[in-house]
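Notes for the one structure printed next.
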Amino acid sequence: MLSLEQIVRDPETFRAALVRRGEDPPIDRILELDSRRKELIQAADIDRANRNNVSKAIGNEKRKPTPEEIAEMRETGDRIKAVEAELATVLEELNDTLLPIPNTPLDDVPDGLDEESNVVVRTSEGSTESHGNAHWDVATELGILDLEAGASISGARFYVLKGKGAKLQRALAAWMLDVQTEEHGYTEIDPPLLVRGETMTGSGNLPKFKDNLYRDEETDLWLVPTAEVALNGLHQGRIIDPGVLPLKYVAQTPSFRKEHASAGRDVRGIKRVHQFEKVEMFRYVEPETSDAMLEQMVGEAERLCQLLGLTYRVLQLCAGDIGFQSAKTYDIEVWSPGSAEWLEVSSISTCTDFQARRNGTRYRPEVGASTKLPHTLNGSGLALPRIWIAVIENGLQEDGSIVIPEVLVPYTGWDRIESK
RNA sequence: GGAGGGGUGGCAGAGCGGUUGAAUGCGCUUGUCUUGAAAACAAGUAUGGCGGUAACGCCAUCGCAGGUUCGAAUCCUGUCCCCUCCGCCA
């Protein structure tokens, strides 16, 4: 959520920033609602102050209220209730208006309304040739991926990994977690995957992206589309003590997405599925440091690609292509020689104070100081089925076997998936 | 699922209709004392909103939402969460 106070103070800056990402925000309506809100608060406060004074005097003087006082205070009470009722509707509309508005892009985010305007920041060394053997053929042939079984169990966009394919995924996840915790200083978290609506709203997934989320109606719990949601909720409604930031968390969890918006896209293989594993990095940081922290996280995700020996490139997304809660995003894509395309394996964003404001996460810069909103940053480190695809397609040998990156061998116990 | 108990400030814990935003203790901050520290003593120490250049003033908040009342942390209703015991269960 954007800051109402800041919008009111400088509405045109907000309008311009949102226009950059193709939005037409109802700034005028927000200003109207806010001034009505202030009027109502003032009116109610005056009546309440008066009522407090009268009641306090009666109590102090240890006497019964006079009939006139009772009559007057009843009237005051009724007036307060009426004003409060109107205030409640104003606040509700204000909330409903603000919640679907996305974060404003930072100044250094490139202009553009769609992915055509994304900028390739750098490309690693390495081959970008193609061999045409896509993972859905290769892995199926090797007996480590069973798309038909996935479909028969759960339907389209579900898959089954088997044997060394399953173990390869487990090894990748375990290895990435170990690098993040032991070398990059993250604290491992194993969070709930079913979360309350408030938590989903706090991260920015609700109310706008309801259609992409699985939900259990009976308990009103939602399945996380990414661990970001749970990690963002870790401190909601609370104040982080001085000296604690930056907080760095990492979690490996499944992610559940309906993918209605992508119907018809990436239908082959396991590039885009309803349930996938992902290792997610998340940081709570002081605002002054968030730019540097974002670059650091990009570096950490790149490092994983490097250690796996993959060819990758870093993209900076343009204003129109960054996610709802993001103020600035880098994507990391690895080369997929099987389908001759770049596969997005990580998306790393700073959400500035947008998420912190939504779910009431604050921190105290120093003892005795007043609270501030931290910045939150998130990024995949990395997304599993896609990195699995890249390992399979890049490791494919002439004889049809797959050679596994060396760093994974301690986790798999073998260095090759043999062809049948 | 059944039966009880409970949710109050950073923590512990009082208060159960009226000068209570809330005793007391702990913690924390500052000051006095001290070469320094500890101890002792003193003062301060919640969050948010509205108004104000500011000092400051007012308002709200005792899980949450309603209700009763001139007045609610205190009474009533609903709801959520936590704990104990029983049942069921990975």
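No experiment lies behind these values; they were computed from the predicted model shown. Quick note on labels: first sequence line is chain A, next is B, and so on, each numbered from 1.
- Applying the 6.0 Å contact sphere to CD of E61(A) captures more than 12 heavy atoms from other residues, nucleotides or ligands.
- Closest to the V367(A) side chain, of the nucleotides U69(B), C58(B), C28(B), is C28(B).
- If you take atom P in C16(B) and the same atom in U84(B), they sit 29 Å apart, rounded to whole Å.
- Comparing the P positions of G71(B) and A60(B) gives a spacing of 12 Å, expressed to the nearest Å.
- In this structure, U77(B) and A65(B) make a Watson-Crick or G-U wobble pair, each of the two defining distances being under 3.5 angstrom.
- OP1 or OP2 of G71(B) has at least one side-chain nitrogen or oxygen of R51(A) nearer than 4.0 Å.
- Under 4.0 angstrom from either OP1 or OP2 of G48(B) there lies at least one side-chain N or O belonging to T371(A).
- Remark: G57(B) base-pairs with C50(B); criterion is Watson-Crick or G-U wobble with both hydrogen-bond distances under 3.5 Å.
- Using P as the reference atom, U8(B) and A14(B) are 11 Å apart when rounded to the nearest Å.
- Between E198(A) atom CD and C64(B) atom P the separation is 14 Å, expressed in whole Å.
- Summarising the base pairing, U19(B) is matched to no nucleotide, lacking a Watson-Crick or G-U wobble pair whose two defining distances lie under 3.5 Å.
- Aromatic pair Y363(A)/Y284(A): centroids not less than 6.0 angstrom apart.
- Put simply, CD1 on I41(A) is 6 Å from P on C50(B), counting in whole angstrom units.
- Annotation: G27(B) and A38(B) have their P atoms spaced 12 Å apart (nearest Å).
- Taken to the nearest 0.5 Å, the OG1 atom of T329(A) stands 8.5 Å off from the CG atom of D321(A).
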Test side chain to side chain donor-acceptor pair (under 3.5 Å) on T181(A) and E188(A); report intermediate values, then the result.
CA-CA 7 Å; T181(A) 56; E188(A) 185 171 346; 5.0 Å; no
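- Here Q42(A) reaches the OP1 or OP2 of G51(B): one of its side-chain N or O atoms lies under 4.0 Å away.
- When both distances must be under 3.5 Å, the Watson-Crick or G-U wobble mate of G1(B) is C86(B).
- Pairing for G9(B) is absent, judged as Watson-Crick or G-U wobble with the two contacts each under 3.5 Å.
- Of all nucleotides listed (G18(B), G49(B), U47(B)), U47(B) comes nearest to the side chain of I239(A).
- U68(B) atom C1' lies 16 Å from atom CD1 of I80(A), rounded to whole Å.
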Apply side chain to side chain donor-acceptor pair (under 3.5 Å) to residues S339(A) and E341(A) and explain how you reach the verdict.
CA-CA 6 Å; S339(A) 48; E341(A) 62 179 344; 3.2 Å; yes
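- Across every strand in view, U35(B) sits unpaired, with no contact that passes the Watson-Crick or G-U test at under 3.5 angstrom.
- Per the geometry, NZ belonging to K38(A) stands 9 Å off P belonging to G52(B), to the nearest Å.
- Atom CE in M73(A) sits roughly 18 Å away from atom C1' in U68(B) (whole-Å rounding).
- Look at R364(A) and you won't find any side-chain N or O under 4.0 angstrom from OP1 or OP2 of G10(B).
- Using P as the reference atom, U47(B) and G10(B) are 8 Å apart when rounded to the nearest Å.
- Separating the P atom of G31(B) from that of G18(B) is a span of 41 Å, rounded to the nearest Å.
- R37(A) comes within 4.0 angstrom of sugar-phosphate atoms only, judged by non-hydrogen atoms across all strands, and of no base.
- As rounded to whole Å, 14 Å separates atom P of C81(B) from atom CD of Q236(A).
- Base-pair partner of A14(B): not found among the strands shown (Watson-Crick or G-U wobble, both distances under 3.5 Å).
- Between R48(A) and K62(A), the residue anchored closer to the 5' end of RNA chain B is K62(A), taking for each the nucleotide with the nearest heavy atom.
- With both pairing distances under 3.5 Å, U30(B) is matched to A42(B) as a Watson-Crick or G-U wobble pair.
- Of the listed residues (E295(A), Q316(A), E302(A)), just one forms a side-chain hydrogen bond (donor to acceptor under 3.5 Å, both in side chains) with Y330(A), and that residue is E295(A).
- A salt bridge (Lys or Arg N to Asp or Glu O under 4.0 Å) with K372(A) is found for one member of E366(A), E288(A), E286(A) and no other, namely E288(A).
- Atom-to-atom, CZ of R74(A) to P of U68(B) comes out at 11 Å; the value is rounded to the nearest Å.
- Remark: K81(A) is in phosphate contact with U68(B), judged by side-chain N or O atoms under 4.0 Å from OP1 or OP2.
- Under the salt bridge (charged side-chain N to carboxylate O under 4.0 Å, His left out) criterion, E12(A) pairs with R15(A), sequence neighbours left out.
- Side-chain N/O atoms of N52(A) include one lying less than 4.0 angstrom from OP1 or OP2 on A60(B).
- Atom CG of L91(A) and atom P of G48(B) are 17 Å apart (whole Å).
- U74(B) and U68(B) have their C1' atoms separated by 13 Å, with the value rounded to a whole Å.
- Comparing the C1' positions of G67(B) and G15(B) gives a spacing of 23 Å, expressed to the nearest Å.
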